[in-house]
Protein chains: 2
Amino acid sequence: MSKMVLLKDVSERTGCSSALVSAVLNGHTGRIRASEAMRERIIEAANDLGYVPNRNARGLRMSRSFLIGALAANLSSSFVPEILAGIESRCLHTNYGVLLGDYNSEEELLERWSGFQGRGVDGVICIGNPVSFKKNILPCPGMKCVFVGGCVGDKECGGIWVDRASLSQLAARAFAERGHRHIAYLTNHSPTECNAWRNALLTHGIVAGTIRSCHNFFEEGVAVATAILQEHPELTACFADSDLLGTAVLTAARHCGKRVPEDLSVLGIDDSILCRISQPELASLRQPRREQGEKGAELLMQMLDGEPARDIVLHGELVCRASLAQCPDNHSESRK
Amino acid sequence: MSKMVLLKDVSERTGCSSALVSAVLNGHTGRIRASEAMRERIIEAANDLGYVPNRNARGLRMSRSFLIGALAANLSSSFVPEILAGIESRCLHTNYGVLLGDYNSEEELLERWSGFQGRGVDGVICIGNPVSFKKNILPCPGMKCVFVGGCVGDKECGGIWVDRASLSQLAARAFAERGHRHIAYLTNHSPTECNAWRNALLTHGIVAGTIRSCHNFFEEGVAVATAILQEHPELTACFADSDLLGTAVLTAARHCGKRVPEDLSVLGIDDSILCRISQPELASLRQPRREQGEKGAELLMQMLDGEPARDIVLHGELVCRASLAQCPDNHSESRK
DNA sequence: AAAAGCTAATTAATCGTTTTATCATATTAT
DNA sequence: ATAATATGATAAAACGATTAATTAGCTTTT
């Protein structure tokens with residue numbers, strides 16, 4: 001902390017008050033104005049001395065920190081870093097900095113939250129959808145929030161997400177076009193929450209069959225998928241709620257002696273690196289993670305400038321790979 | 001920004017001065033002391049009101065921001081988030097917050113750096129080893145730095161890394177014990193930088209053969225590995241500098257009609273999720289990523305408390321999986 | 001010529017903490 | 001009995017910026 005250059009140092013060298021320096025450096029054109037000559041002298045002196053404003057002081061005075069808090073549940077889960085990268089990239093040429101808050105439990109969440117409050121972050125981006133918000137646990141007294149990857153239905157909060165219904169439709173179409181009619185769904189959600197999927201299939205005249213819940217862990221996915229495949233030999237396709245579960249299905253198929261894609265087509269969600277690593281390569285629905293982050297940051301900044309909160313819905317995209325193919329029963333049918 | 005709870009609010013409710021509240025809440029035992037009864041009343045009142053200290057004010061007064069900058073090259077590369085998670089977790093019950101700085105080019109790096117300076121971060125953790133530091137591009141006037149995953153050989157900077165030599169030794173031993181003598185090495189580094197690997201092999205009486213550089217991209221890895229396998233049919237093993245490259249070798253082996261592990265053993269580095277997804281499962285050298293982050297944050301905090309910079313060297317660990325097996329030429333030899 | 005308005009600035013208050021210097025009062029030592 | 005020390009506190013001065021209130025000197029308007 002050798003010797004920071006202060007406003008006072010600049011003002012002394014220029015022979016004016018620090019108020020004037022502050023006004024000039026912040027480009028104020030209101031009550032406090034400097035002559036053109038003084039303006040130039042001040043700016044030159046500031047550059048000369050290498051003046052860097054102290055944001056603690058500024059933040060204290062203005063009660064604005066130009067800091068955005070990014071609250072993430074489990075930083076090492078695959079999609080969080082990509083969203084974070086989007087947020088960072090959107091903040092690049094702005095005044096805002098991103099304060100990171102990773103948490104792995106309700107307790108940690110609360111600690112992060114109060115840390116954010118104490119630092120006076122101007123707003124918060126929540127990656128994922130902390131349950132606590134639904135429960136109204138988090139004190140949210142006028143704190144501007146944007147939820148990326150979910151919404152809380154709060155008028156005060158913005159939301160960015162990829163429409164689950166449209167993902168379901170993409171998947172249903174992909175399978176239907178290839179003649180599949182017996183399609184399992186391996187999901188993180190509870191079966192009762194899967195009406196989007198049921199409806200999407202009905203659009204193509206298909207009645208949804210096996211829907212099974214499963215946590216997003218590889219081993220659990222393998223176990224559940226193996227059970228499904230054994231119980232339902234008629235299945236020719238499986239839709240999984242993540243690439244991790246998709247690769248789990250691939251592994252389960254191997255266990256059951258089913259060839260992919262000859263006997264079984266598999267589709268994941270995320271289009272992550274896993275798709276290219278797996279054998280065969282996994283078809284997947286790409287979700288614009290990075291874009292979600294960018295849009296989230298942008299929305300929050302707009303809200304900080306006084307615009308009202310709103311929701312932004314994005315859409316996925318099918319990335320076809322070897323694991324997705326024509327249904328074995330009817331190779332002639334439904335080809336597009 | 002409705003109404004923050006201030007020190008004053010707590011002191012008014014307790015009927016004492018804010019100085020006393022501050023001292024109690026910070027656990028000071030020096031000049032300013034409170035009676036046990038007062039202590040309890042203050043703490044209770046603070047909890048009651050939900051007091052959160054304003055870090056801008058604190059930072060201003062103490063001329064410390066209690067902010068740590070985390071500079072990361074490419075946030076979405078697999079290991080960065082894990083290190084970041086380690087840093088975050090170490091900062092959890094401290095006063096420090098983590099300011100994120102992702103960059104994808106020299107230019108972005110410089111912008112992040114000046115952003116950090118402007119925010120008055122107390123210190124910086126660099127994840128990975130920005131070339132700019134070697135080149136002395138970054139102005140580092142007394143800024144405390146810790147490098148995670150590399151060092152710059154600067155006395156002023158701390159460093160945490162996993163010893164490459166020991167990783168090489170682990171790999172060499174794993175292969176040697178299984179009877180392999182013709183082992184390729186697919187690395188991010190230039191062949192001239194691989195003496196650790198050569199020496200490790202020599203320990204076991206093996207002369208290093210094919211060493212080939214390759215960027216850490218799947219497709220490039222497949223191409224390079226395919227070339228190696230075709231040019232050197234005598235190879236029975238391949239060591240890859242990352243799991244991504246390891247899985248690339250698996251794919252290349254398939255292209256070349258080599259079975260893993262019957263014809264070829266493969267070993268990666270990182271013990272990431274890729275190892276369990278791949279077919280066969282990939283053996284790997286685990287690097288304590290999270291621990292590197294935690295130790296890095298801890299070291300920086302110590303340096304901020306006045307301790308001198310130092311280096312911390314961690315070690316890897318072999319995680320054996322299906323891709324690593326006995327050499328086909330000599331199943332009887334060298335079994336341990 | 002007085003009033004009003006503009007320009008170019010200054011002074012001083014303020015933001016919410018931490019910390020130094022100070023002050024009673026009570027206890028112990030001389 | 002007086003001085004020294006310990007205990008339990010308070011008042012006020014930082015910290016470095018922003019900004020409302022004020023001022024002094026000009027120019028223009030009435």
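A search for side chain to side chain donor-acceptor pair (under 3.5 Å) contacts involving A/D48 returns A/R13, not counting sequence neighbours. Taking the side chain to side chain donor-acceptor pair (under 3.5 Å) definition, one finds that A/S11 meets it with nothing, sequence neighbours left out. Residues satisfying the side chain to side chain donor-acceptor pair (under 3.5 Å) test with A/Q292, not counting sequence neighbours, are none. The side chain to side chain contact (heavy atoms under 4.5 Å, CB included) test applied to A/E298 returns A/R90, A/Q302, not counting sequence neighbours. A/F66 is linked by a ring-ring contact (aromatic ring centres under 6.0 Å, His included) to A/Y96, counting only residues two or more places apart in sequence or in another chain. In terms of the side chain to side chain contact (heavy atoms under 4.5 Å, CB included) criterion, residue partners of B/A73 (sequence neighbours excluded) are, by chain and number, B/Y103. Residues passing the side chain to side chain donor-acceptor pair (under 3.5 Å) test with B/E307, sequence neighbours excluded: none. Residues passing the salt bridge (Lys or Arg N to Asp or Glu O under 4.0 Å) test with B/D9: none are found, sequence neighbours excluded.
Here the P atom of nucleotide C/dT14 and the CG atom of B/L60 are 17 Å apart, to the nearest Å. Going from atom CG of A/L49 over to atom P of D/dG16 covers 15 Å, rounded to whole Å.
Axis angle between the ends of the helix from C/dA1-D/dT30 to C/dT30-D/dA1, five pairs each and rounded to 10 degrees, works out to 60°.
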Quick one: what's the B/S/- string for nucleotides 17-26 of chain C, heavy-atom cutoff under 4.0 Å, read 5' to 3'?
-> BBBB-B----

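In summary, A/R112 and B/E88 engage in a salt bridge, as defined by a charged side-chain N under 4.0 Å from a carboxylate O.
Sorted by first and then second residue, the side-chain hydrogen bond (donor to acceptor under 3.5 Å, both in side chains) pairs involving residues 51-60 of chain A (not counting sequence neighbours) are A/N26-A/R58.
The stretch residues 33-44 of chain B has no heavy atom under 4.0 Å from DNA chain C, so no residue of it qualifies as close.
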